[in-house]
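Read through the structure below, which is laid out as structure tokens, and then see the notes.
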Amino acid sequence: MSENGIIRAEALVVKLVGLLLGLGLIAMVLVNVANAMGRYTGWFSLVGADELLVYGMIWIVMLGAILAARNRDHLSVNLLPAAMNGRLGAVIQLFVDIATVAVSIFIAWHSFVFIERISALNQTSMGLGIPMVIPHSAILVGFIGIAAVTAFLTLVDIFRFTASKGAAQ
């Protein structure tokens with residue numbers, strides 16, 4: 001596959017994930033409205049709806065964070081790199097990206113250790129009875145994704161930095 005094809009495929013995946021996240025939010029709103037209507041009219045109550053909404057929101061936030069990291073729209077320390085021009089700003093951005101990867105790996109590792117513990121306990125949620133490994137895995141998946149995306153962007157930046165350094169000489 002050519003570089004242009006890879007870029008188009010990646011853009012399609014990003015668009016699809018964004019669409020699925022948006023549909024997930026709409027579904028969560030519909031569940032919330034249905035639950036509220038049923039409860040306040042006295043007709044019905046959706047058992048586990050609140051649980052579903054909380055766990056769904058955690059997954060949506062963590063998957064959205066991966067997309068934000070990909071676009072470099074996430075929370076980051078970009079005041080200093082933005083204030084610096086040229087090569088110094090690029091070097092500072094590389095340090096910020098490397099720190100982001102390190103922190104993301106650290107959090108992902110501890111999330112994995114926690115998931116192992118609750119998996120051994122076979123803990124389930126109170127309302128829906130789903131294994132608690134599922135909602136807790138959102139943190140693991142999110143931070144692995146953030147680390148992977150940021151590491152890839154860092155490698156691209158390093159390549160550009162070294163290529164521009166060679167061109168400047």
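If you read the sequence from its start, that first residue is 1, and numbering goes on from there.
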Looking only at heavy atoms, what is the nearest atom pair of T154 and I98, with distance? CG2-CG1, 4.0 Å
Tell me whether L20 shares a hydrophobic cluster with L25, the cluster being built from Ile, Leu, Val, Met, Phe, Trp, Tyr side chains joined at under 4.5 Å. no
Do I66 and V103 sit in one hydrophobic cluster, given that two such residues count as connected whenever their side-chain heavy atoms are within less than 4.5 Å of each other, even indirectly? yes
Side-chain heavy atoms under 4.5 angstrom apart, residues restricted to Ile, Leu, Val, Met, Phe, Trp, Tyr: same cluster for I92 and V101? no
From Q93 atom CD to F161 atom CZ, the distance as rounded to the nearest 0.5 Å: 12.5 Å
Same apolar cluster: V96 and L155, side chain cutoff 4.5 Å: no
CG-CZ distance between N35 and F44, expressed to the nearest 0.5 angstrom: 7.5 Å
A side-chain contact here means heavy atoms from C-beta on lying under 4.5 Å apart; do M132 and L121 qualify? no
Atom CH2 of W43 and atom CE of M37: how far apart are they, to the nearest 0.5 Å? 6.5 Å
How far does CD1 of I118 sit from OG1 of T124, to the nearest 0.5 angstrom? 10.5 Å
For L21, enumerate each residue passing the side-chain contact (heavy atoms from CB on, under 4.5 Å) test, keeping only those at least two apart in sequence or located in another chain. V17, I60, L63, L67
Between T150 (side chain) and A147 (backbone), is there a donor-acceptor pair under 3.5 Å? no
Rounded to the nearest 0.5 Å, what separates atom CG in L52 from atom CE in M57? 11.0 Å
If hydrophobic clusters are built from ILVMFWY residues whose side chains come within less than 4.5 Å, do L153 and V14 share one? yes
Taking side-chain contact (heavy atoms from CB on, under 4.5 Å) as the definition, give me every residue that meets it alongside F112, ordered by chain and number, with sequence neighbours left out. W109, E116, L140
Rounded to the nearest 0.5 Å, what separation is found between the OG atom of S119 and the CZ atom of F114? 11.5 Å
So D157 and R160, do their side chains get closer than 4.5 Å, heavy atoms only? yes
With sequence neighbours excluded, tell me which residues meet side-chain hydrogen bond (donor to acceptor under 3.5 Å, both in side chains) with S125. E51
So which atom in R39 and which in S45 form the shortest heavy-atom distance, rounded to 0.1 Å? CG-OG, 4.3 Å
Could you pull out the closest heavy-atom pair between W59 and P135, with the gap in Å? NE1-CA, 3.8 Å
Side chains of I139 and I115, heavy atoms from C-beta outward: is any pair under 4.5 Å? no
Could you pull out the closest heavy-atom pair between S104 and I146, with the gap in Å? OG-CG2, 3.3 Å
